[in-house]
*Asks:* 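Structure incoming, see below.
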Amino acid sequence: MCALKRIAAINDLSCVGKCSLTVSLPVVSAAGVECSCMPTAVLSTHTAVFTDYTVRDLSDDMLPIARHWKKEGVHFDGIYSGYMISPGQGEIISEIFDMISNDDTLIIVDPVMADNGSYYAGMGEEMAEAFRKLCAKAHIITPNVTEACYLTGVEYQSAPHSEEYINKLLDGLKKLCSGRIILTGVCPDENRIGNVSWDGRSGEMSACFNDRLPAAYHGTGDVFTSCLAALLVRGAAVDKAVELSAKLVRDSMARSIDSGIPHHLGVDFEGILPQFTAEVEKLLG
Ligand code: PXL
């Protein structure tokens, strides 16, 4: 039996709305990996659709938490960072990467700041600049098309995305991260959606597309990257990990569409987790 792997998830805790840590904790655990949580902020809900949400910025707690983990000798096989409550958290997270990573720690940065051609509430160019710096320290980045535009300065285009357009985004992203780029939310035509991946070390490109479902739910990017991070620290091949992560998102969305869950409340991944765990064990044997 393999030793239990551990990921540090650096993300916000939105108490309602299923994104960030409330997704990472169950998904990473269901993939058979321990999820240590470092909250960047506590919000009553996420910031999309909801209004009047409460926000508690936890910037002052993050380095002390990391120092305690370091003092206790906690080993991390992966660090996955996502939503930041301010651009200043980029410097803090960068310091945390240096403090708690080892030579064998996989660093994944999801530059969570935008979707559908616009920034999330309270975000702008300063956040893009903070993420540009953080992406340089990552082995893997997982921007969606909108985030890729803000990171690279390429103009946003809605779907369908031509090969030329995707290559332009990848060219810009390659300048920011020398590792693996996994561009999400790519629609080669009206009926398909998926990811295009570029490996900076081998120079190989791959793509994974599924049927496009007629809905968009909040938090699906967090489901995808949480799953990906867990599978990768367990040693899955990147293409297989991307495929299964995309399947978890798709299956969760299909279930949510069937039960009519409002889009801002996130997907019903919970109902998929038993099947997902079986798929993970089948993949990793
Ligand atoms: O899922 C992205 C996300 C994460 N965290 C918070 C958000 C959003 C998107 O709006 O508001 C707090």
Side-chain angles (χ1 to χ4, degrees), residues 7-28 35 37-59 61-62 79-90 92-93 108-128 130-131 134-135 138 141-151 156 182-185 193 195 215-230 245-246 248-250 252-253 256 261-270:
I7 285 174
I10 308 177
N11 220 328
D12 71 279
L13 175 56
S14 286
C15 301
V16 161
K18 282 199 287 184
C19 60
S20 320
L21 289 179
T22 61
V23 163
S24 293
L25 197 49
V27 169
V28 170
C35 183
C37 296
M38 173 161 317
T40 56
V42 178
L43 297 92
S44 50
T45 64
H46 60 68
T47 65
V49 183
F50 292 104
T51 54
D52 302 329
Y53 40 84
T54 69
V55 180
R56 172 82 49 191
D57 181 337
L58 294 180
S59 297
D61 294 281
M62 293 168 67
I79 308 175
Y80 153 35
S81 84
Y83 184 93
M84 304 194 287
I85 199 68
S86 67
Q89 288 194 335
I92 296 174
I93 293 173
I108 300 178
V109 171
D110 188 4
V112 177
M113 61 179 157
D115 205 359
N116 299 313
S118 358
Y119 280 110
Y120 294 139
M123 305 216 169
E125 167 53 29
E126 266 187 81
M127 189 59 87
F131 271 124
L134 216 47
C135 285
I141 60 171
T142 57
N144 62 33
V145 170
T146 308
E147 288 157 349
C149 288
Y150 287 132
L151 288 170
Y156 175 74
I182 301 175
L183 182 60
T184 67
I193 187 161
N195 316 284
Y217 283 88
H218 200 84
T220 49
D222 303 331
V223 173
F224 177 83
T225 307
S226 299
C227 177
L228 183 77
S245 305
L248 174 61
V249 169
R250 194 184 185 282
S252 305
M253 281 180 67
S256 311
I261 295 175
H263 297 177
H264 65 297
L265 293 184
V267 281
D268 176 1
F269 63 82
E270 292 90 338

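Counting starts at 1 for both ligands and their atoms, in listed order.
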*Asks:* Specify the closest pair of heavy atoms between Val267 and Met253, including all atoms of both residues, with the distance to one decimal.
*Replies:* CG1-CG, 3.7 Å

*Asks:* In the protein, what heavy atom is nearest to atom 4 (C) of ligand 1, and what distance, to one decimal place, separates them?
*Replies:* Ser20 OG, 3.1 Å

*Asks:* Just go through Asn144, Val112, Val223 and tell me whose heavy atom is the nearest to atom 2 (C) of ligand 1.
*Replies:* Val112

*Asks:* Near Cys19, which atoms of ligand 1 are under 4.0 Å from a heavy atom of that residue?
*Replies:*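 Reading through ligand 1 atom by atom, the close ones are 1 (O), 4 (C), 5 (N).
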
*Asks:* Using 30° and 60° as the class boundaries, would you call the ring planes of Tyr120 and His218 parallel, tilted or perpendicular?
*Replies:*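 Tilted, since the angle between the ring planes falls between 30° and 60°.
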
*Asks:* If you measure every N or O of Ser14 against every N or O of ligand 1, does any of those distances drop under 3.5 Å?
*Replies:* no

*Asks:* Applying a heavy-atom cut-off of 4.0 Å, say which part of Thr47 lies close to ligand 1: side chain, backbone, both or neither.
*Replies:*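 For Thr47, the contact with ligand 1 is made by both the backbone and the side chain.
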
*Asks:* Mind checking whether Thr45 has an N or O less than 3.5 Å away from an N or O of ligand 1?
*Replies:* no

*Asks:* Is any side-chain heavy atom of Phe50 closer than 4.5 Å to one of Leu43?
*Replies:* no

*Asks:* Going by side-chain hydrogen bond (donor to acceptor under 3.5 Å, both in side chains), Thr225 matches just one of Thr184, Thr142, Thr220. Which one?
*Replies:*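 Testing Thr225 for a side-chain hydrogen bond (donor to acceptor under 3.5 Å, both in side chains) against Thr184, Thr142, Thr220 leaves exactly one candidate, Thr142.
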
*Asks:* Answer yes or no: is there a side-chain heavy-atom contact under 4.5 Å between Leu13 and Cys37?
*Replies:* no

*Asks:* Among all the protein's non-hydrogen atoms, which is closest to atom 1 (O) of ligand 1, and how far away is it?
*Replies:*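 Ranked first by proximity to atom 1 (O) of ligand 1 is Asp222 OD2, 2.8 Å.
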
*Asks:* Considering heavy atoms of the protein only, find what lies nearest to atom 5 (N) of ligand 1 and give residue, atom and distance to 0.1 Å.
*Replies:*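 It is Asp12 OD1, 2.7 Å.
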
*Asks:* For Gly185 versus Asn195, what's the shortest heavy-atom pair and its separation?
*Replies:* N-OD1, 4.3 Å

*Asks:* Take a 6.0 Å sphere around CD of Glu125 and say whether it holds more than 12 heavy atoms from other residues, nucleotides or ligands.
*Replies:* yes

*Asks:* Out of Met84, His218, His46, His264, who is nearest to atom 9 (C) of ligand 1 when you count heavy atoms only?
*Replies:* His218

